[in-house]
Amino acid sequence: MPNSLQHETVIVVDVETTGMQPEKGDRVIEIGAVKLRGQQVLERFERLIRPDFLISQEIESLTGITNNMLQDAPGSPQVMAEFVDFIGTYPFVAHNAAFDQKFIDAELTLFGRPRPTNFYCTLQLARRLYHDPINYKLSTLVQYKNLTPAPTFHRALADAEMTAQLWLAINNDIMQDYGFTFLPLELLKKVSAAAKEQVGDLLRKAAKDARHNQLDTTGSLFG
DNA sequence: TGCCAGGCCCTCTTTAGGGCCTT
């Protein structure tokens with residue numbers, strides 16, 4: 001694996017929630033996050049959050065998070081304050097980022113905190129880059145890329161760790177396949193926004209431009 | 001009684017519909 005994956009720091013995040021609709025009152029009950037610089041994990045964040053109501057049996061079964069576990073957990077204002085300190089102004093990475101974004105937005109808005117806006121989505125990137133997995137669930141992609149599965153799925157930090165591995169694998173695949181020595185986040189934004197059939201051309205052109213710029217830099221330094 | 005997520009993606013599409021992905 002190349003040792004020069006993009007050096008920009010990202011926050012890889014996952015939330016467990018009471019349901020699918022924050023606009024109907026569903027809440028975050030666990031946040032897990034990994035602060036990643038290059039391939040290095042700088043810091044981890046994991047907190048349960050006590051909601052104002054009992055969670056359903058369905059969610060208890062799905063996540064393994066029970067009402068008993070939540071009864072002594074801190075409330076959202078305390079956890080979100082800690083989370084804001086943890087995330088700084090770094091961009092976010094999540095699997096199906098729209099889901100995590102809307103819940104994090106909802107929790108932060110409740111307490112008048114500024115909402116992060118810069119999200120990268122491993123689901124979207126995987127759909128652009130990988131054409132033959134049987135589906136694009138996080139668990140499937142972890143297996144597809146031969147990554148190390150966490151001991152459990154549907155816990156926030158475990159899923160965030162696996163999303164982080166997937167993020168690195170995606171970065172690594174682009175670098176190896178197209179010959180990048182450095183992968184700017186901005187390029188991944190363009191990959192996400194591109195039509196699937198245009199991704200190859202986009203990356204080949206970007207790699208060519210990157211090599212050209214590198215030659216220019218070398219020439220100006222030593223020429 | 002009828003409503004019941006939303007955004008993305010694909011195709012038997014584009015004047016649409018259904019499946020996926022997240023909990």
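Reminder, nothing fancy here: chain letters follow the sequence lines and each chain counts from 1.
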Worksheet item: At under 4.0 Å between heavy atoms, what does A:I29 touch on the DNA or RNA strands: base, sugar-phosphate, or nothing?
Response: nothing
Worksheet entry | P atoms of B:dC4 and B:dT22, separation to the nearest Å | 23 Å
Worksheet item: Taking CD1 from A:I59 and P from B:dT22, how many angstroms apart are they, rounded to a whole number?
Response: 14 Å
Fill in: NZ or CZ of A:K35 within 45° of A:F86 ring axis and under 6.0 Å
yes
Worksheet item: Hey, does the side chain of A:R127 come within less than 4.0 Å of B:dC10's phosphate (OP1/OP2), counting only N and O?
Response: no
Worksheet item: Which part of the nucleic acid, if any, lies within contact of A:N135, taking any heavy atom under 4.0 Å across all strands shown: a base, the sugar-phosphate backbone alone, or nothing?
Response: sugar-phosphate
Discussion item. In this structure, how many angstroms lie between the P atom of B:dT22 and the CZ atom of A:R155, rounded?
Written reply: 17 Å
Response to the item:
Of the candidates B:dC4, B:dC21, B:dT23, the side chain of A:L123 sits closest to B:dC21
Worksheet, complete the sentence: To the nearest angstrom, the CG-C1' distance between A:L48 and B:dT23 comes to 15 Å
Item to complete: Could you check how far CG of A:N96 sits from C1' of B:dA5, rounded to whole Å?
Response: 11 Å
Item to complete: Rounded off to whole Å, could you give me the CD-to-P distance for the A:E23 and B:dC4 pair?
Response: 12 Å
Discussion item. For A:E107, is there an ion pair with A:R27 - N to carboxylate O distance below 4.0 angstrom?
Written reply: yes
Discussion item. Any side-chain N or O of A:H95 below 4.0 angstrom from OP1/OP2 of B:dC21?
Written reply: no
Fill in: Rounded distance in Å between the P positions of B:dG2 and B:dT15
30 Å
Discussion item. For A:D209, is there an ion pair with A:K205 - N to carboxylate O distance below 4.0 angstrom?
Written reply: yes
Worksheet item: Salt-bridged, A:K145 to A:D173, with N to O below 4.0 Å?
Response: yes
Worksheet, complete the sentence: Rounded to whole Å, the NZ-P distance (A:K24 to B:dC4) equals 8 Å
Worksheet item: A:L125 CG to B:dC20 P: how many Å, rounded?
Response: 21 Å
Discussion item. Need one value for A:D100: base, sugar-phosphate or nothing, where a base atom within 4.0 Å counts as base even if backbone is also close, heavy atoms only.
Written reply: nothing
Response to the item:
Comparing nearest nucleotides in DNA chain B, the 5'-proximal residue of the pair A:Q21, A:F99 is A:Q21
Worksheet item: Which is true for A:K196 with a 4.0 Å heavy-atom rule: it touches a base, it touches only sugar-phosphate, or it touches nothing?
Response: sugar-phosphate
Worksheet item: Which whole number of Å gives the distance between the C1' atom of B:dT23 and that of B:dA5?
Response: 11 Å
Worksheet item: Does the separation of the ring centres of A:Y144 and A:Y130 fall below 6.0 angstrom?
Response: yes
Fill in: Lys/Arg-Asp/Glu bridge criterion (N-O < 4.0 Å) met for A:D201, A:R204
yes
Practice prompt. Output yes when at least one side-chain N/O atom of A:K102 is less than 4.0 Å from OP1 or OP2 of B:dT22, else no.
Written response: no
Discussion item. Give me the distance, rounded to whole Å, that separates B:dT1 from B:dT13 when you measure between the C1' atoms they each carry.
Written reply: 33 Å
Worksheet item: Rounding to the closest angstrom, what is the interatomic distance between B:dC12 and B:dC8 at atom P?
Response: 22 Å
Practice prompt. Using atom CG of A:D105 as one end and atom P of B:dG6 as the other, report the distance to the nearest whole Å.
Written response: 15 Å
